[in-house]
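Comments concern the structure below.
Every number for a ligand or one of its atoms is a count from 1 in the order of the listing. Values reported hereafter were calculated over all heavy atoms of this structure, with side chains retained and with hydrogens, waters and symmetry mates removed.
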Amino acid sequence: MRLALASDHAGFCQKADIKAYAESLGHTVADLGPDDDGRVDYPDYADKVARQVADGEADMGILICGTGLGMAMTADKVAGVRAIAIQTPQFAELSREHNDANVVCLSGRFVDLDTNKEIVRTFLETPFGGGRHAGRVAKMMSEDNGTYGIPEKE
Ligand code: RB5
């Protein structure tokens with residue numbers, strides 16, 4: 001898979017290890033920055049990764065900030081992106097199976113590296129369940145263009 005990866009200063013400490021780990025699983029990883037742990041604004045990096053996923057340049061995205069929360073909130077505002085902050089491998093699995101998440105947002109301050117690696121592996125290896133979940137995800141995505149709840153014209 002082609003992955004887009006970025007962090008802010010609070011997630012920078014895990015970024016290189018997460019990149020190496022994803023590559024060891026056979027993925028191609030584009031590191032969209034930052035290049036050092038100087039203070040930055042997480043939305044700038046969430047936007048870079050989310051746009052690559054939305055534009056189809058990347059199949060999935062990985063973001064790391066202090067909590068994963070600000071990254072997820074920002075990335076999820078980009079149309080076509082389903083970004084989610086994840087703290088456990090089980091939630092990573094469910095976010096793929098039920099929600100077809102395409103950007104995983106990790107906590108560099110509150111979740112250790114080994115757990116985040118397991119989250120990444122689970123996220124990348126779990127397929128979307130489809131079936132009953134597909135209609136729900138379609139409803140979710142209708143929020144992107146403001147058509148939720150508006151009946152289709154005949
Ligand atoms: C940076 O201090 C912190 O706010 C950021 O990394 C992230 O946790 C935001 O959600």
Pairs under 3.5 Å, N/O atoms on ligand 1 and on the protein: can you put them in a table with the distances?
residue: ligand 1; atom: 2 (O); partner: R109; partner atom: NH1; Å: 3.4
residue: ligand 1; atom: 6 (O); partner: D8; partner atom: OD2; Å: 2.6
residue: ligand 1; atom: 6 (O); partner: G66; partner atom: N; Å: 2.8
residue: ligand 1; atom: 8 (O); partner: G66; partner atom: N; Å: 3.3
residue: ligand 1; atom: 8 (O); partner: T67; partner atom: N; Å: 3.0
residue: ligand 1; atom: 8 (O); partner: T67; partner atom: OG1; Å: 3.1
residue: ligand 1; atom: 10 (O); partner: T67; partner atom: OG1; Å: 3.3
residue: ligand 1; atom: 10 (O); partner: G70; partner atom: N; Å: 2.8

Could you pull out all donor-acceptor pairs under 3.5 Å where a side-chain atom in residues 128-144 meets a protein atom, sequence neighbours excluded?
residue: S142; atom: OG; partner: K139; partner atom: O; Å: 2.6
residue: D144; atom: OD2; partner: G80; partner atom: N; Å: 2.7

Cut-off 3.5 Å, no hydrogens considered: what does the side-chain donor-acceptor table look like for residues 24-34, sequence neighbours left out?
residue: S24; atom: OG; partner: Y21; partner atom: O; Å: 2.6
residue: H27; atom: ND1; partner: M1; partner atom: N; Å: 3.2
residue: D31; atom: OD1; partner: K15; partner atom: NZ; Å: 2.9
residue: D31; atom: OD1; partner: G33; partner atom: N; Å: 2.9
residue: D31; atom: OD2; partner: K15; partner atom: NZ; Å: 2.8

For T122, which residues count as a side chain to side chain donor-acceptor pair (under 3.5 Å) partner, sequence neighbours excluded? none

My understanding is that only one of V120, T67, V111, L113 makes a side-chain contact (heavy atoms from CB on, under 4.5 Å) with L106; could you say which? V120

Find out whether I18 and I64 are in side-chain contact, i.e. whether some heavy atom of one side chain is under 4.5 Å from a heavy atom of the other. yes

T88 side chain reached by T115 side chain, heavy atoms, under 4.5 Å: no

